[in-house]
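Working notes for the structure below.
Below, read A as the first sequence line, B as the second, and so on, with proteins coming before strands; counting in each chain starts at 1. All values reported here derive from a predicted model rather than from experimental measurement.
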Protein chains: 2
Amino acid sequence: MPHVESAGLRERKKQRTRQAIFAAALRLFAERGYDETTIADIAAAADVSPRTFFAYFPSKEDVIFAEIDDRLAEVQQRLSRRTPGETPLEIIRQSVVEVMEALVAEQGEHGPVQVRLVLERPALQARALQRMHETKQEVQRQICQLCPGLDEIEAVAISGMALGAMQSVVIHCRQNGLAPGTTRTALDRALALMERGLRSVPALNEPIP
Amino acid sequence: MPHVESAGLRERKKQRTRQAIFAAALRLFAERGYDETTIADIAAAADVSPRTFFAYFPSKEDVIFAEIDDRLAEVQQRLSRRTPGETPLEIIRQSVVEVMEALVAEQGEHGPVQVRLVLERPALQARALQRMHETKQEVQRQICQLCPGLDEIEAVAISGMALGAMQSVVIHCRQNGLAPGTTRTALDRALALMERGLRSVPALNEPIP
DNA sequence: CTGCAAAGTTGCAACAGATGCAGAATTGCA
DNA sequence: TGCAATTCTGCATCTGTTGCAACTTTGCAG
């Protein structure tokens, strides 16, 4: 019998096929655009039948989101393993930063294409926002667990606030083509603002003429 | 020539047809569910041809969102007309409350069905979140215009924070079946939290054991 | 009242995404 | 080598969506 190693030839072949479909799809998306690429095109380029595509990805959208979803799931896992000694606020800050890093990671040659497609196709953007909302709920659950003294509504508000600010900052930086480092700085400023509160911003508290 | 009055028989008839399609669709969605209702079903129930459906709504989803979109557009319009004397912070608060009220308004007999569908169908939820994001950007633009002394990143963060908190609170209240009044109270608490800042919450700033 | 042009409606054909099903091909292992 | 499980494939089908051309209704001028 085969050992743990690579979990069998069968499994490896499956991974190779999946990767072939993924690579073919992203290449075609980059060349002709998302809507202009059909499942049949992708299947042909990956040398499988159109029907087989759906054995690997539940939908066309999922080709783009599979990786991002994996990374977000990983972050969500990590959220539950916290070392003592930190304050909840520090943990929230750290969580938000980690989620951001999972989102802006542009792995390999396809990352930039994924990001561009999500930003310009409303349907894909909608799905990304939904995934973000799931993450928000996960963060909220963690906050509730971490702070028994905190009302549930407050936990909801805090997670919504933190992830909402992050989401807007990331999208804004992306759309304006800012460098990744700039995004991180912007996020830090946003989080600082959240911690200090809006009352601390003079520009917001002076009556307008 | 016809006067302003009802803008002609033609227009009135169009409105009636639109309403018929809308009502038929919502009734069928409530009875059998969204996915289980086809365009053909809706058209038959509204006594028009399936092709005509698309002359009134660009897609099946739009039957559910047309009204909400209208209300949100109206709120966005109102954002730009502000009376002097208020502080930007007061205006932000007011804007957020107005957006919320546009979202939770359950007009007529179909409102509750719309809300339920959006909450339980991921695809519809995704679209709702996307619309919310557009509103966020509109609020951001207003903040920028209102506070010339404010950095753009900060405006982005503030709108993301405010609308993000509101969004989470509304969804949370909906999913737990809380009364509308409770939602308003919860939103007020969330906004207060945002104004004071997270540093003001003791539970967040004590190290966990 | 009548006819014409504009606006609205409809059927038809076509395409793409998605799904169920059954048979063919492949793989793992005894 | 052969069997059983797994995977791949073709086929039929359904649904949403769009373009097109023909048909019908409506508004209005003469």
### Summary
The side chain to side chain donor-acceptor pair (under 3.5 Å) partners of Glu152(B) (sequence neighbours excluded) come to His172(A)
Check side chain to side chain contact (heavy atoms under 4.5 Å, CB included) between [X] and all other residues, then give those that pass, not counting sequence neighbours.
X         : answer
Arg184(A) : Val97(A), Met100(A), Glu101(A), Asp188(A)
Gln76(B)  : Arg131(B), Thr135(B), Glu138(B)
Glu195(B) : Arg199(A), Leu89(B), Arg93(B)

### Task
Using atom CZ of Arg12(A) as one end and atom P of dT6(D) as the other, report the distance to the nearest whole Å.
18 Å
### Task
Rounded off to whole Å, could you give me the NZ-to-C1' distance for the Lys14(B) and dA6(C) pair?
12 Å
### Query
Roughly how far, to the nearest 0.5 Å, is CD of Glu134(B) from CG of Leu129(B)?
12.0 Å
### Query
Does Glu86(B) have any salt bridge (Lys or Arg N to Asp or Glu O under 4.0 Å) partners at least two apart in sequence or in another chain, and if so, which?
none
### Task
Would you jot down, in residue-number order, the residues of residues 116-125 of chain A having a non-hydrogen atom under 4.0 Å from DNA chain C?
none
### Task
For DNA chain D, find the residues of residues 23-50 of chain A with a heavy-atom distance under 4.0 Å and give them by number; none if there aren't any.
Val48(A), Ser49(A)
### Task
Strictly below 4.0 Å, heavy-atom distances to any atom of DNA chain D: list the hits from residues 52-61 of chain B, or just say none.
Phe54(B), Pro58(B), Ser59(B), Lys60(B)
### Message
Checking the side chain of Asn176(B) only, and the main-chain atoms of Leu178(B) only, is there a donor and an acceptor separated by less than 3.5 Å?
### Response
no
### Query
Base, backbone or nothing for each nucleotide of nucleotides 20-26 of chain C, written B, S, -, heavy atoms under 4.0 angstrom, 5' to 3'?
BB----B
### Query
Of Arg71(B), Gln167(B), Met166(B), which meets side chain to side chain contact (heavy atoms under 4.5 Å, CB included) against Leu103(B)?
Met166(B)
Going by atom type alone, with no hydrogens or angles, which donor-acceptor pairs under 3.5 Å involve a side-chain atom of residues 37-45 of chain B and a protein atom two or more places apart or on another chain?
from	atom 1	to	atom 2	distance (Å)
Thr37(B)	OG1	Gly33(B)	O	2.7
Thr38(B)	OG1	Ala40(B)	N	3.1
Thr38(B)	OG1	Asp41(B)	N	3.1
Asp41(B)	OD2	Arg32(B)	NH1	3.0
Asp41(B)	OD2	Thr38(B)	N	3.1

### Query
For Ser49(A) and Thr52(A), does a side-chain donor sit closer than 3.5 Å to a side-chain acceptor?
yes
#### Entry: Flag if over 12 foreign heavy atoms under 6.0 Å of CG, Asp47(B)
no
### ring-ring contact (aromatic ring centres under 6.0 Å, His included) contacts in which one or both residues fall within residues 25-44 of chain B, not counting sequence neighbours
Phe29(B)-Tyr34(B)
### Task
Output every pair passing salt bridge (charged side-chain N to carboxylate O under 4.0 Å, His left out) with a member in residues 153-178 of chain B, not counting sequence neighbours, ordered by first then second residue.
Arg189(A)-Glu154(B), Glu106(B)-Arg174(B)
